[in-house]
Amino acid sequence: MKPLFLLIEILIILGVTIKTIEAEKHSKKQKGRNVTTQVSVNKVKQYLSNILEQRKPINVISKKENLLENKKNHHKLRRKGIRNKDLWKRNKDHLKKQAKNNFTDEGDQLFNMGIQILQQSKSQKQKAEAYIFFAKAADMGNLKAMEKMADALLFGNFGMQNITAAIQLYESLAKEGSHKAQNALGFLSSYGIGMEYNQAKALIYYTFGSAGGSMMSQMILGYRYLSGINVLQNCEVALSHYKKVADYIADKLEKSEGIPVEKVRLTERPENLSSNSEILDWDIYQYYKFLAERGDVQIQVSLGQLHLIGRKGLDQDYYKALYYFLKAAKAGSANAMAFIGKMYLEGNAAAPQNNATAFKYFSMAASKGNAIGLHGLGLLYFYGKGVPVNYAEALKYFQKAAEKGWPNAQFQLGFMYYSGSGVWKDYKLAFKYFYLASQSGQPLAIYYLAEMYATGTGVLRSCRTAVELYKGVCELGHWAEKFLTAYFAYKNGDIDSSLVQYALLAEMGYEVAQSNSAFILESKKAKILEKEKMYPMALLLWNRAAIQGNAFARVKIGDYHYYGYGTKKDYQTAATHYSIAADKYHSAQAMFNLGYMYEHGLGITKDIHLARRLYDMAAQTSPDAHIPVFLALMKLETVHLLQDILLFNFTMRWKWMTLDNTIGPCWDLFVIGLIVAVLIFLLRNRYG
């Protein structure tokens with residue numbers, strides 16, 4: 001099999017990658033953080049070497065034993081005159097089956113060890129070692145390991161992107177019924193990455209993927225039926241697909257609180273992505289650590305929260321979270337006390353589950369009127385953790401915390417009235433509290449609101465509203481973690497890896513991913529698509545982002561039609577999109593562009609007065625528009641003055657003369673340059 005030969009090459013690449021990474025200098029922070037993980041990796045290496053060493057003598061012994069047994073059986077059969085060949089065949093089949101089972105078990109063990117390394121590791125070096133185990137397990141026919149390797153080849157994990165090899169692996173996996181492979185092949189077909197661009201084929205792959213249990217395929221189909229992408233728009237079918245995914249996510253959220261993922265917009269800071277507020281710079285993090293050690297309680301709590309759930313690009317680290325919370329709690333921080341209680345209630349490596357300790361810290365925080373502490377006490381009484389179940393007490397604490405605006409408490413109140421836990425069922429009150437919590441982004445509150453709109457429970461049934469709410473819950477799935485890996489890949493210059501990850505998220509309906517994918521395609525830096533396909537695909541993605549309310553994308557569509565990028569030049573369509581962006585989203589750029597089109601009569605009737613008004617509105621909307629608007633108005637007034645002079649002096653002789661015929665088609669740029677030169681001259685004379 002070609003894919004398995006490719007895996008050998010991958011092992012070599014991974015070996016070189018690991019040696020390169022080992023040669024790099026790591027900071028003290030990384031060295032300290034990786035001590036415990038390195039021990040486990042060494043154990044895994046020892047375990048693997050033992051297995052590989054044991055296999056050689058076992059294979060030799062088993063071969064000799066098989067030969068001896070075959071000879072004995074054959075001799076017995078000949079001596080006794082038994083011509084029944086079935087016995088010998090059964091023995092042979094049994095031995096083959098036993099060898100195959102041993103081979104499969106070893107592949108499973110290698111795969112599980114790779115997963116263990118991925119879960120425990122934080123450094124890229126150790127994660128790269130996990131893929132060596134996956135590669136060896138895949139070579140033994142382990143389907144899950146093959147899926148891992150195919151994903152690594154597709155998304156470019158550790159710089160080993162090879163889309164051709166990924167497709168070969170996915171195709172062999174799809175024949176085995178892998179729903180992940182079918183989803184991946186559908187995605188590649190929908191973009192024409194490494195495969196023929198074929199939306200019909202993509203739809204078939206997604207359908208089989210969703211039938212096999214792929215949550216990604218379900219979400220993609222939900223988005224397609226919601227938006228009418230290559231299928232007839234059907235809200236009810238979209239609802240069915242989104243609900244299945246939302247049920248899966250809600251179940252995960254009920255067991256543990258979801259980790260929010262930062263979705264960086266590449267369009268906001270293309271010139272300086274390192275300063276993006278969504279990701280915490282290493283220098284800023286070091287400064288925060290310095291302030292925390294100096295006793296800044298607020299910073300201590302903030303760092304504790306970031307490490308508790310792994311936000312702003314920082315790794316999840318329960319030990320560091322507990323360390324900062326304890327420092328802040330000693331200084332009297334009620335929030336820190338409440339978070340310590342939360343850690344002990346849920347249980348983790350740094351704070352093993354302990355209801356008594358959780359009750360202690362929640363009580364300390366609640367005595368200071370802290371909303372998180374009050375909510376924590378309510379949870380203990382609601383679920384009977386360390387105390388007898390007492391719905392009345394739980395209701396009291398939830399109400400106090402909800403009054404202080406804590407969204408989790410508002411959700412719990414809504415759930416009590418929705419399910420009738422300790423109170424009479426009241427769907428109106430349930431809706432009220434779910435709605436309040438949803439305004440702060442509480443995911444389970446959004447889920448239950450969707451349930452109410454989908455079934456018409458307590459509210460008028462609305463398929464569209466239910467789908468939009470379910471979609472919001474679905475976008476909290478673990479696949480959203482690709483936003484971070486895609487961003488870091490882009491930041492590190494791995495454009496193809498970044499594009500593939502953003503494109504998959506865009507296919508799933510993430511608006512931010514759609515605009516980011518279009519932005520990358522527009523730059524024409526990617527190599528995985530032909531140059532002539534980039535603008536049309538970018539236009540398609542800008543359009544999808546615009547439909548979901550992205551004002552910048554709406555302006556971009558206008559630009560594409562104005563300049564003829566990926567489509568024919570169409571001033572009228574461009575003006576329509578600029579009008580939508582100006583009227584609906586108050587976009588200064590759209591106002592300026594529309595003003596320019598009215599000034600020159602491009603696709604719309606020429607109207608100087610309306611052009612002036614739009615220029616003024618752009619300047620009022622955004623401070624960044626002041627200088628361009630000033631220059632545009634100066635040019636407009638100068639040209640208008642020149643036209644009046646020409647008309648006055650040469651009414652009959654120059655009646656049909658236009659500036660385009662005398663100066664050229666770019667006369668407006670010439671006039672702007674002239675105005676700038678005059679202004680510079682005047683300023684120099686004034687301050688000279």
Side-chain angles (χ1 to χ4, degrees), residues 191 223 227 260-281 312-313 475 480-526 528-529 531 533-567 574 577-594 618 621-625 627-628:
Y191 281 88
Y223 177 65
S227 307
V261 176
E262 284 72 25
K263 300 171 185 175
V264 180
R265 288 188 183 274
L266 301 181
T267 53
E268 287 183 358
R269 286 191 177 95
E271 75 287 347
N272 189 17
L273 283 173
S274 61
S275 66
N276 200 297
S277 60
E278 294 291 339
I279 306 295
L280 194 64
D281 284 342
K312 299 283 184 184
E475 290 182 354
E481 292 172 2
K482 289 194 183 297
F483 271 105
L484 276 180
T485 54
Y487 166 72
F488 285 120
Y490 182 83
K491 190 178 174 185
N492 294 331
D494 193 349
I495 304 299
D496 287 340
S497 172
S498 179
L499 176 59
V500 171
Q501 293 178 77
Y502 277 134
L504 176 60
L505 293 167
E507 187 76 352
M508 296 170 74
Y510 288 89
E511 177 269 310
V512 175
Q514 288 167 349
S515 60
N516 284 356
S517 300
F519 178 80
I520 293 172
L521 285 167
E522 186 182 86
S523 69
K524 291 197 172 183
K525 292 178 182 177
I528 55 175
L529 272 179
K531 296 273 186 185
K533 289 183 181 177
M534 290 190 182
Y535 273 137
M537 186 60 71
L539 178 59
L540 179 72
L541 290 165
W542 284 129
N543 191 56
R544 290 181 185 177
I547 290 168
Q548 296 198 69
N550 187 319
F552 184 83
R554 183 66 68 183
V555 175
K556 277 288 181 182
I557 298 169
D559 292 344
Y560 275 51
H561 283 95
Y562 183 90
Y563 294 107
Y565 294 155
T567 184
H577 286 289
Y578 290 145
S579 296
I580 294 169
D583 297 339
K584 193 174 180 180
Y585 305 110
H586 308 291
S587 166
Q589 182 67 62
M591 292 171 187
F592 184 88
N593 293 352
L594 200 58
T621 305
S622 172
D624 295 336
I627 294 174

Is any side-chain heavy atom of [X] closer than 4.5 Å to a side-chain heavy atom of [Y]?
| X | Y | answer |
| --- | --- | --- |
| S227 | I547 | no |
| K556 | Q589 | no |
| Y490 | L499 | no |
| Y191 | L541 | yes |
| N593 | Y562 | no |

Spatial distance of atom [atom1] ([X]) from atom [atom2] ([Y]) [nearest 0.5 Å]:
| X | Y | atom1 | atom2 | result |
| --- | --- | --- | --- | --- |
| I557 | T567 | CD1 | OG1 | 11.0 Å |
| H561 | H577 | NE2 | NE2 | 5.5 Å |
| M591 | H586 | CE | NE2 | 6.5 Å |
| R265 | F519 | CZ | CZ | 12.5 Å |
| K584 | R554 | NZ | CZ | 7.0 Å |
| K533 | L521 | NZ | CG | 12.0 Å |

Would you say that more than 12 heavy atoms from the other residues, nucleotides or ligands in this model lie under 6.0 Å from the NZ of K524, or not?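 More than 12 within 6.0 Å, yes.
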Nearest non-hydrogen partners of [X] and [Y], listed with the distance:
| X | Y | answer |
| --- | --- | --- |
| L505 | A480 | CD2-CA, 4.5 Å |
| L539 | Y565 | CD2-O, 4.3 Å |
| A625 | A618 | CB-O, 3.5 Å |
| A590 | A582 | CB-N, 3.8 Å |
| A538 | E522 | CB-N, 4.4 Å |
| A526 | D496 | CA-OD1, 3.3 Å |

Is the distance between the ring centroids of F552 and W542 under 6.0 Å?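 So the answer is yes for these two rings.
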Classify the ring geometry between Y535 and Y560 as parallel (under 30°), tilted (30 to 60°) or perpendicular (over 60°).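 Y535 and Y560: perpendicular rings.
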Test side-chain contact (heavy atoms from CB on, under 4.5 Å) on M508 and K482 and set out the steps. CA-CA 12 Å; M508 296 170 74; K482 289 194 183 297; over 6 Å; no
How far apart are the C-alpha atoms of R544 and E507, what are their side-chain angles, what is the distance that settles it, and do they pass the side-chain contact (heavy atoms from CB on, under 4.5 Å) test? CA-CA 10 Å; R544 290 181 185 177; E507 187 76 352; 3.8 Å; yes
